Amino acid sequence: MAVDRQSGALVELGGGWGLWPWFCLRAAGFPVDLLEPLADPRLATLADELNATPDADRAAAYRARFEDAGVAVGEALHRVAADPLVREAVAWQNPQALSTGFDTLLRRDPRTVARTGRHRKTETLVTSYLHRYCAKNDTIGFFGPLRWGRIDPEQPRPLAPTDDGTAGSRTLYLEGWALAALGRALAAPLRPWLVPRLLPLLRADGSTLRIPLAAAVPLDPVPAAVLAALRPGRTAREVVAAVLAAPDRPIDDPAVVWSALHQLHRDRRIEWTLEVAADDLRAAETMRAVVAGVDDPAVRDTALAALDRLAAAAGEVEAARGDPDKVVGALAGLGTVFTELTGEASVREAGALYAGRTLVFEECRRPDSVVLGPAALDPLRAPLALLLDSARWYTAAGAALYRRTLRAVFDRLVAGRADGVVPLAELWLAARGPLLDSPEAVVRPLTRALQQRWERLLAVPAGVRRVARTSAELRAGFAEVFPAGAPGWTAAVQHSPDLMIAAPDLDAVRAGDFDWVLGELHPSYHTMRYASWVDCHPEPAALAAAMAADLPGGVVRIGATGAQGGSATRFSPRLLGPADRRLVFAPDTCDADPERDLVAGACDVVDRDGRLTVRRHADDVGFDVVEVFADLIAGNLMPHFRLLSPAAHRPRVTIDRLVVNRETWTFPPEALGFAADPDEARRFLAARRFVVGHGLPRHVFVRATGEKKPVHIDLASLASVEVLARMVRRAGRTAGSEARVTVTEMLPAPDQMWLADADGRRYSAEFRFVAAPAR
């Protein structure tokens with residue numbers, strides 16, 4: 001069914017909210033069934049029995065089973081390490097792990113190898129990759145494919161698999177940071193044909209260069225004329241010509257003007273390189289188009305040859321798909337070419353799991369998808385509306401806190417200034433702490449206030465493991481706890497909930513026998529606007545129209561930058577509306593429109609009727625300061641939206657048929673004392689004692705201080721307990737007494753995963769929705 005979003009229509013949810021008719025279905029690339037051979041439930045049972053009633057017979061039975069389990073897990077990991085699909089997945093993500101971990105494991109005979117700490121460390125690496133690939137809803141290349149789905153108000157069944165009529169796709173992209181490095185390497189001979197631009201935090205004011213938080217720099221006439229001649233799209237040759245053609249030109253010698261341009265670049269006043277936008281998924285093609293315009297054949301052909309070399313090497317990677325060894329070789333070849341062309345390493349942020357570390361990445365879309373009908377949403381409507389109402393309150397309260405914080409920074413900067421004006425670039429730099437570097441001081445009291453309100457509503461008693469509430473009973477006192485009001489900023493009308501279905505199979509879902517589970521709710525965050533996701537949507541223009549329908553007046557967005565946070569190209573935001581403007585502050589935000597955008601150096605901050613306003617020098621158009629920084633504020637608030645505060649134990653909480661809080665335990669590392677025991681058999685026995693003592697389920701996610709993401713742990717698996725022990729020890733070493741280990745039940749558990757392939761193998765999956773106020 002075609003969905004008309006040109007009119008701004010949403011799928012009605014209830015409570016004043018609607019859902020976008022499109023959603024993303026993110027699923028693990030490998031079935032959760034692959035994890036089962038790593039576990040030994042019988043060994044866990046024997047350990048539990050021995051812990052409960054120690055005696056010689058039980059100890060002997062446990063020891064015998066332990067020896068068999070060690071061999072079995074070794075053999076299972078051998079099969080994993082040799083699996084071509086798993087190996088290709090690792091090859092794309094981290095080729096070195098194949099040689100240092102997977103291949104090392106394959107050289108050892110699991111039936112005879114001693115299970116030393118060194119050997120278990122190798123097993124841990126393979127286990128960790130498999131756990132991530134099977135139990136995490138990540139879109140990572142072909143082993144985390146993306147499905148675009150839709151909600152059909154006419155469909156009678158809750159959920160129906162479908163073929164969207166298009167072929168699946170595997171698209172290879174070069175990372176923006178890699179092409180930026182190539183652009184810098186090629187820039188020198190190309191500079192006459194490249195566009196120089198003033199760095200966005202600076203302001204050229206006649207014969208003065210204004211630098212934030214520093215004394216103004218006087219400019220000699222020639223560099224002043226050069227800066228005055230800079231325009232978007234104006235090449236260096238055209239800048240020189242403009243300076244020489246000006247009636248009040250300071251010089252007639254082009255060599256002097258060229259010299260001034262080069263000096264401004266050396267002094268880091270201008271950016272002047274072969275560059276493309278940080279969110280350009282096809283940056284190589286954009287760069288080629290720039291180089292093709294060079295009219296010096298020698299310069300042009302040299303640069304095109306370099307681009308051809310990189311493209312050919314990337315093509316070898318693309319052609320290697322399906323063969324892990326060829327992928328490794330092709331990636332190595334690409335890395336060699338890149339380093340020869342740029343002089344830079346082909347991997348950045350080595351060891352990081354979630355950054356754009358390597359030169360290329362794949363985005364893959366499956367042709368099969370799902371369609372949701374109204375019956376699927378019925379159990380979700382009322383409880384999700386409550387969550388969305390509280391998210392709106394959260395953004396409003398967050399805006400108030402940030403307004404106060406930015407006011408304090410402004411007052412400090414404006415003191416002693418007779419004109420009452422603070423350059424936006426100065427406020428930006430002075431407020432980096434609460435906006436970027438350390439927002440916790442602002443966010444922490446807000447998070448606690450949110451949790452106190454939800455805890456008051458839910459009235460969770462101590463010592464229970466399950467709490468069930470109805471939306472009707474909560475709604476009665478909801479307005480008092482979360483008063484209705486406007487969101488904190490314009491874009492805060494949108495929120496993105498991640499939701500999962502817990503059901504034994506698809507037939508159960510069709511019969512209505514299922515529950516919803518909240519993964520996360522992202523307040524004022526649109527989690528489907530990532531560049532490569534939009535790129536593989538069947539109708540990208542329809543997504544853009546939907547965004548414009550939600551935000552018809554436009555908003556201020558952060559200009560895309562590869563420098564800011566080192567984010568991967570794939571996560572750069574898209575879906576900018578025609579009325580949107582961008583806040584530009586980073587040196588590598590190269591596609592700013594000075595006629596519309598808020599370039600930091602070209603704006604001031606003033607107090608207008610008691611509210612801080614960012615105004616553009618060019619036209620004096622003003623924008624509320626919170627609206628200008630809304631993207632950053634939303635990014636700071638989003639990770640901390642949790643209904644319950646941390647505690648030693650929190651129960652599973654359900655509103656109607658939506659689980660809004662999974663059962664969770666929090667421990668200091670020393671409480672998991674078994675982690676320090678080097679004897680594997682004794683440690684597993686102690687781990688099972690800990691599991692039973694705290695009533696932990698078999699499948700959990702664990703997040704230790706210092707870990708970026710939760711890790712799946714199977715508490716009936718020797719290999720998985722080894723992963724857990726290493727996490728706990730690492731947290732204790734790095735964070736000391738501040739370290740915490742948070743354990744959360746896996747829900748849906750493996751036997752509650754409805755998504756299955758033709759062979760009946762189950763997959764973890766989540767729905768990523770976007771909600772907005774209904775019209």
Side-chain angles (χ1 to χ4, degrees), residues 26 28 32 35 39 127-128 131-132 134-138 353-354 387 447 450-451 454-455 458 460 462-468 497-502 515-522 638-655 658-669 671-672 674-675 687-688 690-717 720-721 723-728 730-731 735 739-753 764-768:
R26 295 207 310 169
V32 72
L35 297 177
T127 302
S128 296
H131 273 256
R132 186 183 179 198
C134 295
K136 295 278 287 181
N137 302 316
D138 280 343
L353 285 178
Y354 294 90
L387 292 171
T447 303
L450 172 77
Q451 292 164 346
W454 268 110
E455 287 165 5
L458 294 170
V460 176
V464 299
R465 300 192 61 174
R466 301 289 182 267
V467 173
D498 293 346
L499 294 154
M500 295 166 285
I501 287 178
D515 292 311
W516 285 96
V517 179
L518 177 69
E520 293 179 291
L521 193 152
H522 309 273
M638 181 264 293
H640 305 287
F641 187 88
R642 299 288 185 274
L643 272 58
L644 301 180
S645 58
H649 173 256
R650 288 296 190 186
R652 181 192 299 178
V653 179
T654 304
I655 303 176
L658 171 63
V659 177
V660 297
N661 191 80
R662 287 168 282 187
E663 190 172 13
T664 303
W665 299 258
T666 302
F667 308 100
L672 289 80
F674 61 85
R688 290 303 307 175
F690 180 86
V691 168
V692 172
H694 290 279
L696 304 182
R698 173 181 163 182
H699 292 278
V700 296
F701 280 99
V702 177
R703 186 170 187 175
T705 302
E707 300 288 340
K708 192 168 185 178
K709 295 281 187 177
V711 175
H712 170 257
I713 299 294
D714 181 345
L715 292 169
S717 163
S720 204
V721 169
V723 173
L724 173 61
R726 290 179 181 274
M727 288 175 60
V728 172
R730 187 163 54 245
R740 292 294 181 270
V741 179
T742 301
V743 179
T744 303
E745 64 172 325
M746 184 182 190
L747 190 68
D751 61 353
Q752 298 170 299
M753 294 179 179
S764 176
E766 73 177 8
F767 297 86
R768 181 159 277 190

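Note that the structure is a prediction, hence the values are computed from the model and not measured. Quick note: numbers below take in every heavy atom, side chains included, and nothing from hydrogens, waters or symmetry partners.
- In this structure, the side chains of Trp454 and Leu387 come closer than 4.5 Å at one or more pairs of heavy atoms.
- The minimum heavy-atom distance between Arg662 and Gly519, with the atom names listed, is NH2-O, 3.5 Å.
- Nearest heavy-atom pair, Asn661 versus Pro651, reported as atom, atom and distance to 0.1 Å: ND2-O, 3.0 Å.
- Ser764 meets the side chain to side chain donor-acceptor pair (under 3.5 Å) test with Asn137; sequence neighbours excluded.
- For the pair Thr654 (side chain) and Ala468 (backbone), a donor-acceptor distance under 3.5 Å is absent.
- Residues Trp516 and Ile501 meet the side-chain proximity criterion, which asks for heavy atoms closer than 4.5 Å.
- Note that CG of Leu521 is 10.0 Å distant from CZ of Arg642, once rounded to the nearest 0.5 Å.
- With Arg465 contributing its side chain and Gly695 its backbone, the two residues share a donor-acceptor pair below 3.5 Å.
- Within the 3.5 Å criterion, the main-chain N or O of Ala749 finds a donor-acceptor partner in the side chain of Gln752.
- For the pair Leu724/Phe674, a side-chain contact is recorded, criterion being any heavy-atom separation below 4.5 Å from C-beta on.
- Counting only heavy atoms from C-beta outward, the side chains of Leu643 and Val653 never approach each other to under 4.5 Å.
- Atom CD1 of residue Ile713 and atom OG1 of residue Thr744 lie 12.0 Å apart, to the nearest 0.5 angstrom.
- Residues satisfying the side chain to side chain donor-acceptor pair (under 3.5 Å) test with Thr666, not counting sequence neighbours, are none.
- Between Val702 and Val723 there is no side-chain heavy-atom pair separated by less than 4.5 Å.
- Residue pairs meeting the salt bridge (charged side-chain N to carboxylate O under 4.0 Å, His left out) criterion with at least one partner in residues 744-753, sequence neighbours excluded, are Arg652-Glu745.
- For the atom pair Phe667 CZ and Phe690 CZ, the distance stands at 3.5 Å (nearest 0.5 Å).
- Here the CH2 atom belonging to Trp665 is positioned 11.5 Å from the OG1 atom belonging to Thr742, to the nearest 0.5 angstrom.
- Residues that satisfy the side chain to side chain donor-acceptor pair (under 3.5 Å) test with Asp498, not counting sequence neighbours, are His522, Arg768.
- Considering only residues two or more places apart in sequence or on other chains, His712 meets the side chain to side chain donor-acceptor pair (under 3.5 Å) condition with His131, His699.
- With rounding to the nearest 0.5 angstrom, the CG atom of Leu644 is 5.5 Å from the CD atom of Glu455.
- Looking at heavy atoms from C-beta onward, Arg650 lies in side-chain contact with Ser645 at the 4.5 angstrom threshold.
- Applying the side-chain contact (heavy atoms from CB on, under 4.5 Å) rule to Arg703 yields the partners Pro710; only residues at least two apart in sequence or on another chain are considered.
- Put simply, the side chain of Val711 does not reach to within 4.5 Å of the side chain of Arg132, judged on heavy atoms.
- Shown here for Pro669 and Ala739, the closest heavy-atom pair between the two residues is CD-O, 3.3 Å.
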Inset, instruction - Just do the side chain to side chain contact (heavy atoms under 4.5 Å, CB included) check on Leu518 and Leu499 with the steps written out, would you? - result: CA-CA 5 Å; Leu518 177 69; Leu499 294 154; 3.9 Å; yes
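- Counting only heavy atoms from C-beta outward, the side chains of Glu707 and Arg730 approach each other to under 4.5 Å.
- The minimum heavy-atom distance linking Ala765 with Met500 is given by the pair O-CG, 3.4 Å.
- There is no side-chain donor-acceptor pair under 3.5 Å between Ser717 and Arg698.
- Residue Ala28 comes nearest to Cys134 through the heavy atom pair CB-O, 3.7 Å, listed as atom of the first residue, atom of the second, then distance.
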